[in-house]
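Take a look at the structure set out below.
Counting convention: from 1, in listed order, for ligands and their atoms alike.
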Amino acid sequence: MSWHVLGAGSLGGLWAARLARAGVPVKLILRDQASLTRYRAAGGLTLVEDGQANLHPIAAETPNHGAPIRRLLVACKAYDAEEATAALAPRLAPGAEIILLQNGLGSQEAVAARLPRARCVFASSTEGAFREGDFRVVYAGRGHTWLGVQGERRTPEWLDDLHTAAIPHQWTHDILAKLWRKLALNCAINPLTVLHDCRNGGLRDWPQEVAGLCTELAELLRQAGQPDAAEDLHAEVLRVIDGTAANYSSMYQDVAQGRRTEIAYLLGHACTQAERLQLKLPHLDDLLQRLREHLTARGLPVT
Ligand code: NAD
Ligand code: KPL
């Protein structure tokens, strides 16, 4: 059975190239005919791994054309996922499975609500990839992808494809805990690196601010029914700051390159959930306010 990959960017390209080179049938779904023409002119998708570039002539199509879709990997940004996926609704076969690679929370539920007959699998990835050019992806950081349907322990048979393609992964029955934990880490680190204009390691100069955010984020996680995700959050945030000290956070890089951020699905989602739970989290609210002002001053969306 063929995989369809929607979004031939960094993570979509990384997944598609590894599946294709392992002999797993895969097709890319590109935005439109113009994008398909450029892709064909490039001769395929190039994956750069350990300094070695390899071209993968993976089949590609536009959203409106092609066979029914049974297994769809959605690799768009969180703010594009709902519309991009909904546009494929007429092509989804009964019982289709949709694997959602988006960071943060909120976009997955939006996709699931638009496509109630599909089975949505959520994913949380610590792999790193970036686009060096059109249809040219660099595998920048080894990591791991958690996949799951909340509460479901039975693993799908397509995990074998990921194994064959050497995509490091693990199934979990508590994917929401993984997504919340990553969201909390991202909320404690990424906005501050933007506001203080620093690498992750630069946050060692702001210990009180980091600690205050971690206290509020842990409270939010507990109240949101995610006590496991709250466990030792501050200690892990400090470990990540140390372990990635030389790196710029993904949000820092987005802002530096004038790209839209996923703020609404990270810090924005945290603050919305706190409000819903009638929790007062002044440090988080203040951080969101400052970040929005920062983005607005640079002409970037705040949603
Ligand atoms: P990206 O911007 O590199 O790629 C997204 C791709 O989706 C782009 O090629 C874009 O053109 C395409 N797209 C958008 N709308 C589309 C549509 N309607 N039809 C077809 N294609 C469409 O983004 P990315 O870095 O791969 O991130 C994807 C998601 O994965 C994000 O939520 C991100 O936070 C998450 N993530 C990324 C990384 C990473 O290292 N890149 C790591 C972990 C998680
Ligand atoms: O995931 C990250 C990111 O930059 O988005 C880390 C390195 C964990 C920082 O929050």
Report summary line: Close residues (non-hydrogen atom under 4.0 angstrom from ligand 1) work out to Leu6, Gly7, Ala8, Gly9, Ser10, Leu11, Ile29, Leu30, Arg31, Ala75, Cys76, Lys77, Ala78, Asp80, Ala84, Leu101, Gln102, Asn103, Ser125, Glu127, Gly128, Ala129, Arg131, Glu262
Requested in this report: Verify the distance criterion only: is there a donor paired with an acceptor across the side chains of Glu216 and His283 at less than 3.5 Å?
Outcome: yes
Query raised in the report: Counting distance only, does the side-chain N/O of Thr303 pair as donor-acceptor with the main-chain N or O of Ala264 below 3.5 Å?
Result: no
Query raised in the report: Should Arg18 and Glu127 count as an ion pair when the cut-off is N to O under 4.0 Å?
Result: yes
**Report entry** Under 3.5 Å: donor-acceptor pair, side chain of Arg292, backbone of Leu288
**Finding:** no
Query raised in the report: Are the side chain of Asp32 and the backbone of Ser35 linked by a donor-acceptor contact shorter than 3.5 Å?
Result: yes
Report task. Give a yes or no on whether a salt bridge exists between Lys178 and Asp174, defined as a side-chain N under 4.0 angstrom from a carboxylate O. Result -> no
Report task. Anything under 30° is parallel, anything over 60° is perpendicular, the rest tilted; go ahead and classify Trp15 against Trp3. Result -> tilted
Query raised in the report: Thinking salt bridges, do Glu49 and Arg142 make one under a 4.0 Å N-O criterion?
Result: yes
Report task. Flag the pair Asp254 and Arg260 as a salt bridge only when some basic side-chain nitrogen lies within less than 4.0 angstrom of an acidic carboxylate oxygen. Result -> no
Report summary line: Contact set, ligand 2, heavy-atom distance under 4.0 Å, ordered by chain/number, equals Lys182, Leu185, Asn186, Ile189, Asn190, Asn200, Val240, Ser249, Ser250
